[in-house]
Amino acid sequence: MTLIGHQWALDYLKRQHQAGSLRQSYLFLGPPGVGKTTLALSLAMFLNCQSPDEGARPCGSCLPCRRITRNAHQDVAVVEPVGGNFGIEQVREVESDLPLSPQESHYKIRILTQFELATREAQNALLKTLEEPPPRVLLLLTATERDLLAPTIVSRCQVISLRPVAASEIGDELVRRGLAPEEAAVLAAQAAGRPGWAIRALEDPQVQQRREQALASAADLPHRRRAERLRYSELWGREPREAVLEALDVWRLWWHDQMLACAGARGGYLLPEAERPAPLPGLSPCEAARVLAGVAEIETMIRRNVNLRLALSVLVLRLPGPPRPVPATHLPDARGR
């Protein structure tokens, strides 16, 4: 496990620990695949590392570091959503174990990933623990956006927002993992600042295939009529929720770049140059921006567990439509009448 691009965040947490000011609850924010869970695990490794060189911690090779990487450490556990939700029973199970003393280290660490998928009941159940955590307990939450969490959850955590990682840093890691430099550069550019996505794409070719399909649908649907769009949304709605969210993340990149393309921008694009969309005929930057906001809105709704097919139907029907042919009887004559 390698932390890519967020060394500044880990160094900040290290300084807090060394100053004796480490908080008991943190919220790591950022897009999927940016490295939130990896940062949480890196902090856990640092706090448990047995390397004699303090500056080299976490070393990644000592017994505690290896156990944490395998999710086999008695005092460190990663808790993930089940079935697309983070339920109250999961929170209660975590809370029932926290009062027990750590077995191998100074801290008992629980990493609650994708906590934006937690039900309102689950979030409320965690509040008391966040307000009065047991001694020697460290809670690390990850989420895509703070607005998807109850304000009371956010206010009880120190928030650390992770920025997209430079393509050069992602590319260097891909080369280290055996990819040719030219291929690594292409994959790193496609990752749009998300090292986790790049690693998954390296290990699973279907990740890239799904990305290509999402880009193709984003470019094609604005040219389709209502009935074709609805048929597409019906099929799309049968996909797993996580696959839909993954595709919407690609749509967000495409519509962001469509907005820039319509404005004639020279920089600021998120997609590699070969994949940047040509401006849709007749589309203004403001209209593209509205679609981009709509994609983000639908993505938020889906993360809040609304009806998947209904949300996707709303999204595709809101897309700019193809130009309607003007009936011949309405065409102006040579005199403009």
Side-chain angles (χ1 to χ4, degrees), residues 1-14 26-46 57-61 65-66 68-71 78 80-81 111-116 140-145 159-212 214-215 242-243 245-254 256-257 268-275 299:
M1 185 194 68
T2 304
L3 182 65
I4 306 171
H6 304 302
Q7 190 61 44
W8 65 269
L10 183 59
D11 289 344
Y12 170 74
L13 294 166
K14 286 181 181 181
Y26 288 87
L27 172 60
F28 300 147
L29 295 175
V34 79
K36 302 181 294 294
T37 302
T38 303
L39 173 61
L41 288 169
S42 297
L43 175 59
M45 291 167 64
F46 166 74
R57 298 175 188 168
C59 67
S61 57
C65 284
R66 296 200 308 273
I68 291 171
T69 300
R70 299 196 306 268
N71 202 19
V78 177
E80 300 176 330
I111 302 170
L112 282 58
T113 67
Q114 300 181 70
F115 205 66
E116 73 273 11
L140 307 176
L141 281 59
T142 76
T144 55
E145 299 176 29
V159 177
I160 296 180
S161 298
L162 300 187
R163 302 181 290 266
V165 178
S168 58
E169 295 186 65
I170 299 175
D172 289 345
E173 177 62 22
L174 294 174
V175 170
R176 193 185 70 80
R177 292 175 180 244
L179 198 61
E182 298 80 9
E183 295 176 333
V186 171
L187 189 57
Q190 293 175 342
R194 302 163 297 165
W197 183 91
I199 300 303
R200 286 193 296 114
L202 177 64
E203 298 171 349
D204 182 4
Q206 290 187 355
V207 172
Q208 282 184 288
Q209 293 174 9
R210 291 195 297 268
R211 178 182 179 276
E212 291 171 2
L215 283 173
E242 285 304 313
L245 289 171
E246 185 179 359
L248 287 176
D249 197 45
V250 177
W251 274 40
R252 179 179 54 80
L253 301 177
W254 193 91
H256 172 276
D257 285 8
Y269 292 91
L270 299 177
L271 293 172
E273 186 173 359
E275 297 178 341
E299 186 175 2

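Since the structure is predicted, the reported quantities are computational estimates derived from the model, not experimental observations.
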Notebook entry, point to check: Among all residues two or more places apart in sequence or in another chain, which pass the side chain to side chain donor-acceptor pair (under 3.5 Å) test with Glu242?
Noted result: none

Item checked: side-chain contact (heavy atoms from CB on, under 4.5 Å) evaluation trace for Leu41 with Ile68 -> CA-CA 7 Å; Leu41 288 169; Ile68 291 171; 3.9 Å; yes

Notebook entry, point to check: For Gly30, does its backbone N or O pair with a side-chain atom of Lys36 as donor and acceptor, under 3.5 Å?
Noted result: yes

Next item on the list: Taking salt bridge (Lys or Arg N to Asp or Glu O under 4.0 Å) as the test, write out the residues that go with Arg210, two or more places apart.
Entry: Glu246

Notebook entry, point to check: With Thr113, which residues qualify under side-chain contact (heavy atoms from CB on, under 4.5 Å), at least two apart?
Noted result: Thr37, Val78, Glu80, Pro81, Ile111, Thr142

Next item on the list: Determine, stepwise, if the pair Leu245 / Glu299 fulfils side-chain contact (heavy atoms from CB on, under 4.5 Å).
Entry: CA-CA 7 Å; Leu245 289 171; Glu299 186 175 2; 3.8 Å; yes

Notebook entry, point to check: CG/Leu253 to CG/Leu248 distance, rounded to the nearest 0.5 angstrom?
Noted result: 11.0 Å

Check: So which heavy atom on Arg66 is nearest to which on Gly60, and how close?
Finding: CG-O, 4.0 Å

Note to self: Can you confirm whether Val159 sits close enough to Phe28 that some side-chain heavy atom of one is under 4.5 Å from a side-chain heavy atom of the other?
What the structure shows: no

Next item on the list: Can you see which heavy atom on Pro58 is nearest to which on Ser42, and at what distance?
Entry: CG-O, 3.8 Å

Note to self: Within this structure, what is the CG-OG distance for the pair Leu27 and Ser161, rounded to the nearest 0.5 Å?
What the structure shows: 8.0 Å

Check: Which atom pair, heavy atoms only, marks the closest approach of Leu141 to Phe115?
Finding: CD2-CD2, 3.7 Å

Note to self: Side chains of Gln114 and Glu116, heavy atoms from C-beta outward: is any pair under 4.5 Å?
What the structure shows: yes

Checklist line | Side chains of Leu271 and Trp254 in contact at under 4.5 Å (non-hydrogen atoms) | finding: yes

In residues 179-199, what donor-acceptor pairs under 3.5 Å come from side-chain atoms, sequence neighbours left out?
| from | atom 1 | to | atom 2 | distance (Å) |
| --- | --- | --- | --- | --- |
| Gln190 | OE1 | Gln208 | NE2 | 3.0 |
| Gln190 | NE2 | Glu275 | OE2 | 3.4 |
| Arg194 | NE | Ala191 | O | 2.7 |
| Arg194 | NH1 | Asp249 | OD2 | 2.4 |
| Arg194 | NH2 | Ala191 | O | 3.3 |

Check: Which value, rounded to the nearest 0.5 Å, describes the distance between Leu13 atom CG and Phe46 atom CZ?
Finding: 9.0 Å

Margin query: Could you go through Leu10 and Leu39, starting from their C-alpha distance and side-chain angles, then the distance that decides it, and tell me whether this counts as side-chain contact (heavy atoms from CB on, under 4.5 Å)?
Written below: CA-CA 7 Å; Leu10 183 59; Leu39 173 61; 4.1 Å; yes

Margin query: Treating Lys14 as the side-chain partner and Leu43 as the backbone partner, does any N or O pair qualify as donor plus acceptor under 3.5 Å?
Written below: no

Got a list of side-chain donor-acceptor pairs under 3.5 Å for residues 162-175, not counting sequence neighbours?
| from | atom 1 | to | atom 2 | distance (Å) |
| --- | --- | --- | --- | --- |
| Glu173 | OE1 | Arg176 | NE | 3.0 |
| Glu173 | OE2 | Arg176 | NE | 3.3 |
| Glu173 | OE2 | Arg176 | NH2 | 2.7 |
| Glu173 | OE2 | Arg177 | NE | 2.8 |

Note to self: For a 4.5 angstrom cut-off between non-hydrogen side-chain atoms, does Trp8 reach His6?
What the structure shows: yes

Next item on the list: Could you tell me which residues satisfy side-chain contact (heavy atoms from CB on, under 4.5 Å) with Ser61, sequence neighbours excluded, listed by chain and number?
Entry: Cys59

